[in-house]
Amino acid sequence: MKPIYWTAYCYTDRITAIGEVENIVAGFGFITGFQRFSDFSISLMIELEEKKIDNLYNALGGCLSLDDSVKLNSASDTERLILMNITFVKGTGNLRIEVPAVPG
């Protein structure tokens, strides 16, 4: 089965947006993989039933600016894969991950 490709742009805080996307996707399917590319972008692999794809696209539109996508208007329970790349417009290319000090 051919995957669906989505491209999205985020104009808000990266950490907040990733949390929102996770919560939205959890209502429709599962994130089965991801890859971070500094703080510029993240790629997600999302698996869900085909009949939920249009609703997921609409829900993500609240926190991301998505490229146009063809509506499926499907009632199929077939599992589908969405490959989505999110670009963070405010990215600097200097990703820093805070690691708390551990005594010992």
Side-chain angles (χ1 to χ4, degrees):
M1 184 160 318
K2 192 173 174 183
I4 297 169
Y5 298 94
W6 287 349
T7 301
Y9 300 92
C10 179
Y11 296 92
T12 61
D13 175 65
R14 176 179 59 90
I15 301 298
T16 303
I18 289 172
E20 287 181 44
V21 169
E22 286 178 315
N23 290 334
I24 292 169
V25 170
F28 298 94
F30 306 95
I31 296 174
T32 57
F34 70 94
Q35 178 65 49
R36 278 187 296 211
F37 300 98
S38 187
D39 64 343
F40 281 124
S41 69
I42 188 170
S43 292
L44 302 175
M45 292 175 40
I46 302 168
E47 291 186 25
L48 70 161
E49 295 173 336
E50 187 173 88
K51 66 184 178 186
K52 296 180 180 179
I53 292 175
D54 291 338
N55 291 331
L56 173 62
Y57 180 87
N58 292 333
L60 288 171
C63 66
L64 301 173
S65 175
L66 290 152
D67 282 354
D68 289 337
S69 178
V70 176
K71 298 284 185 191
L72 296 179
N73 296 319
S74 175
S76 173
D77 290 333
T78 303
E79 289 290 319
R80 293 293 301 264
L81 176 66
I82 296 174
L83 302 173
M84 181 169 66
N85 185 66
I86 303 171
T87 300
F88 301 101
V89 175
K90 295 180 181 179
T92 64
N94 189 17
L95 177 64
R96 295 192 184 270
I97 299 172
E98 296 295 325
V99 178
V102 178

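The side-chain contact (heavy atoms from CB on, under 4.5 Å) test with Met84 is passed by exactly one of Ile4, Leu56, Val21: Val21.
Using modelled atom types, no side-chain atom of Arg80 and backbone atom of Lys51 make a donor-acceptor pair closer than 3.5 Å. At distances below 3.5 Å, at least one donor-acceptor pair connects side-chain atoms of Asp54 with backbone N or O atoms of Leu72.
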request  = List the steps and the verdict of side-chain contact (heavy atoms from CB on, under 4.5 Å) for Asp67 and Tyr5.
outcome  = CA-CA 10 Å; Asp67 282 354; Tyr5 298 94; over 6 Å; no
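When only modelled atom types and interatomic distance are considered, Asn85 and Thr7 share no side-chain donor-acceptor pair under 3.5 Å.
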Expected list for residues 23-33: side-chain donor-acceptor pairs under 3.5 angstrom, two or more places apart:
from  : atom 1 : to    : atom 2 : distance (Å)
Asn23 : ND2    : Gly19 : O      : 3.3
Thr32 : OG1    : Met45 : O      : 3.4

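In the hydrophobic clustering of ILVMFWY residues, with side-chain heavy atoms under 4.5 Å counting as a link, Tyr9 and Phe37 come out apart. By the rule that hydrophobic residues join a cluster once side-chain heavy atoms approach within less than 4.5 Å of another member, Ile86 and Tyr11 end up as members of separate clusters.
Rounding to the nearest 0.5 angstrom, the gap separating the OG1 atom in Thr12 from the CZ atom in Arg14 is 11.5 Å. Distance SG/Cys10 to CD1/Ile42: 11.0 Å, rounded to 0.5 Å.
Looking at Leu44 and Trp6, their side chains never come closer than 4.5 Å, going by heavy atoms from C-beta outward.
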